[in-house]
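Okay, so here's the structure we're looking at.
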2 protein chains.
Amino acid sequence: MIRVALIDDHALVRAGVRGELEESENSDVEVVAEAGTVADAIDAIVRSKPDVVVCDVHLPDGTAADVIAGVVERGVTSRFLALSVSDAATDVIHVIRSGARGYVTKAIEGPDLVNAVRRVNDGDAVFSPRLAGFVLDAFSANLESPGNPELDELTAREQEVMRLLARGYAYKEIARRLSISIKTVESHASAVLRKLQLSSRNELAAWAANRKLV
Amino acid sequence: MIRVALIDDHALVRAGVRGELEESENSDVEVVAEAGTVADAIDAIVRSKPDVVVCDVHLPDGTAADVIAGVVERGVTSRFLALSVSDAATDVIHVIRSGARGYVTKAIEGPDLVNAVRRVNDGDAVFSPRLAGFVLDAFSANLESPGNPELDELTAREQEVMRLLARGYAYKEIARRLSISIKTVESHASAVLRKLQLSSRNELAAWAANRKLV
DNA sequence: TCGACCATCGGGACTTACCCTGATGGCACC
DNA sequence: GGTGCCATCAGGGTAAGTCCCGATGGTCGA
């Protein structure tokens, strides 16, 4: 049996979801806790340690992200499925970022909801069809691109120095870390700026940030 | 019926997958094309325009990413489900980044594979349980956090100067752009560093880069 | 063996960043 | 009508970055 906690500020919604989860045929889902606020939810989850938490995104005293943060802080490892009327990108991203393994809208049908709970319980990722697209878009858009042609012009040592420069280390620090003199660091830094056609380490920091080399 | 193209360099694997997809009960899947190389795959997909492409990650003359790039370039909008023996993070991320909507390993069972194809066809995201975790981890780690509490401590003007500092502009440049004196820029910069507890503009650049404020 | 490239240093000069103290006027809140 | 916060600016100082000039030794390939 999959033990589920139900978090939603409307008792009616909770009742509806509970019905769908428990009364469908061959259901292996059991609702072991319910709550309507962030505070109550954290309490209930910590106490009952469910396998899966089905959680509304917007609650009277906070969001699903607050609930997740609260229970993670207390060492609970339940998996979270966010359930919301909202399909706004910011809501979705915020909750996913907090650690939810799935996000479905309330337009979902009963059997699909049971299925979603099962999949989340298995560690799988579940999204409503409409959401899958831009979640993956956001995902792929935020990964570093592998090829940086200008970077090949730098020698190995120069790249090493470049990375430390981009991270904001002072020459003195870089010299210490690489066990070389400040003057050598200056030489490499100079070569880096010249080859990348930049005029200061500050432009270099921006350059590196754009290419996600930090 | 869901029209599917099957890309894998081993005919035996293709036969096995085809069997699983077409011969399971109530199957609504139809294999309309097959190929074993990147070149053949692009040809076959462009010709048959399947709903879903089930594609091995490693092919003799390239990868699934190459196939996706090739057909997208030709205006085909089929959805891709990557199928591989590999569960290496780099493989997964590379393929997802190219636009695949799902990634499952070959350890998947027949009915689950049919289900995965259906879900991808619906625009949903599908991952093998083991993969869902770190795909989402990579995803969330690469999204900007909406709330930057320390940022609220900065006044509007200080934030403005901070952004320009992070972009690598010299004080002189910032002064010119904001039509104020260098000394004023220094004041704001000083306040920014103090409030963010940073010791130099170079650390600030790294700080801003991490929070994607550039 | 010689030349090309690289990593390693040094001296010196100039510019820039950063900090400190202190000042002015504007604006809002009580 | 203070009191505080903000934006604006100044002088003067230390530290750091940037760029010149140069030098040495190592490796690798023609």
Side-chain angles (χ1 to χ4, degrees), chain A residues 144 146-214, chain B residues 145-214:
Chain A
E144 61 178 288
N148 277 111
E150 305 107 310
L151 224 157
D152 294 343
E153 295 180 14
L154 301 182
T155 68
R157 197 59 157 173
E158 285 164 358
Q159 289 194 28
E160 202 169 353
V161 172
M162 185 270 289
R163 271 172 227 281
L164 294 173
L165 281 171
R167 284 193 191 172
Y169 291 113
Y171 285 179
K172 195 191 294 179
E173 257 301 295
I174 298 175
R176 205 180 53 75
R177 287 181 173 247
L178 300 182
S179 303
I180 56 180
S181 93
I182 292 183
K183 276 299 180 179
T184 307
V185 177
E186 285 187 29
S187 295
H188 292 315
S190 222
V192 168
L193 294 181
R194 183 172 37 79
K195 290 182 179 177
L196 299 182
Q197 297 185 304
L198 301 170
S199 66
S200 79
R201 64 168 298 160
N202 309 307
E203 289 185 13
L204 170 62
W207 182 89
N210 275 335
R211 283 161 189 72
K212 308 214 192 318
L213 297 176
V214 279
Chain B
S145 51
N148 276 110
E150 306 106 311
L151 223 156
D152 294 343
E153 296 180 13
L154 301 182
T155 68
R157 199 58 159 173
E158 285 165 356
Q159 289 193 29
E160 202 170 354
V161 171
M162 185 269 290
R163 272 171 227 281
L164 294 173
L165 281 171
R167 284 192 191 173
Y169 291 113
Y171 285 178
K172 195 190 296 179
E173 257 302 295
I174 297 175
R176 204 180 54 75
R177 287 181 173 247
L178 299 182
S179 302
I180 56 180
S181 94
I182 293 183
K183 278 299 180 181
T184 307
V185 177
E186 285 187 29
S187 293
H188 292 316
S190 221
V192 169
L193 295 181
R194 183 173 38 77
K195 289 182 179 177
L196 298 182
Q197 297 185 305
L198 300 170
S199 66
S200 79
R201 64 168 299 159
N202 307 308
E203 288 184 14
L204 171 62
W207 182 89
N210 276 334
R211 282 158 190 74
K212 309 222 189 314
L213 298 175
V214 278

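In this text, all values refer to a predicted model and were calculated from it rather than measured experimentally. Chain letters run A, B, ... following the sequence lines, proteins first, then strands; residues in each count from 1.
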Could you tell me how far apart B/L178 (CG) and D/dA7 (C1') are, to the nearest whole angstrom? 12 Å
Is the backbone N or O of B/A166 less than 3.5 Å from a side-chain atom of B/R201, with the two atoms forming a donor-acceptor pair by type? no
My understanding is that only residues two or more places apart in sequence, or in another chain, count here; which of them pass side chain to side chain contact (heavy atoms under 4.5 Å, CB included) with B/S199? B/E203
Listed partners of A/A170 passing side chain to side chain contact (heavy atoms under 4.5 Å, CB included), at least two apart: none
For residues 182-189 of chain B, dump all side-chain donor-acceptor pairs below 3.5 Å to protein atoms at least two apart in sequence or in another chain.
residue, atom, partner, partner atom, Å
B/T184, OG1, B/S181, OG, 3.4
B/S187, OG, B/K183, O, 3.3

Suppose we screen for side-chain hydrogen bond (donor to acceptor under 3.5 Å, both in side chains). Which residues come up paired with A/R194, at least two apart in sequence or across chains? none
With B for base contact, S for sugar-phosphate-only contact and - for none (protein heavy atoms under 4.0 Å), nucleotides 18-26 of chain D reads BB-------
Under the rule for salt bridge (Lys or Arg N to Asp or Glu O under 4.0 Å), what residues qualify as partners of A/E173, not counting sequence neighbours? A/R176, A/R177
Listed pairs, N/O of protein and of nucleotides 4-7 of chain C, under 3.5 Å:
residue, atom, partner, partner atom, Å
C/dA7, OP1, A/T155, OG1, 3.0
C/dA7, OP1, A/R157, N, 3.4
C/dA7, OP2, A/T155, OG1, 3.0

Integer-rounded Å distance: C/dA17 C1' and B/Y169 OH: 18 Å
Let me know the distance between NZ of A/K172 and P of D/dT14, rounded to the nearest Å. 15 Å
Rounded to 10°, the helix from C/dT1-D/dA30 to C/dC30-D/dG1 deviates from straight, judged by its five-pair end axes, by 40°
Partner set under side-chain hydrogen bond (donor to acceptor under 3.5 Å, both in side chains) for B/Y171, not counting sequence neighbours: none
Might you work through the side-chain contact (heavy atoms from CB on, under 4.5 Å) test for A/M162 and A/E158, ending with a clear yes or no? CA-CA 6 Å; A/M162 185 270 289; A/E158 285 164 358; 6.0 Å; no
Whole-Å gap separating C1' (D/dA16) and CD (B/E203): 13 Å
To the nearest angstrom, the CD1-P distance between A/I174 and D/dA16 comes to 13 Å
Non-neighbouring partners of B/L193 that pass side chain to side chain contact (heavy atoms under 4.5 Å, CB included), sequence neighbours left out: B/L198, B/L204
Residues A/R157, A/L178; criterion side-chain contact (heavy atoms from CB on, under 4.5 Å); working and verdict: CA-CA 10 Å; A/R157 197 59 157 173; A/L178 300 182; 4.1 Å; yes
B/E173 has an atom CD; how far is it from atom P of C/dT16, in whole Å? 11 Å
Residues in side chain to side chain contact (heavy atoms under 4.5 Å, CB included) with B/S190, at least two apart? none
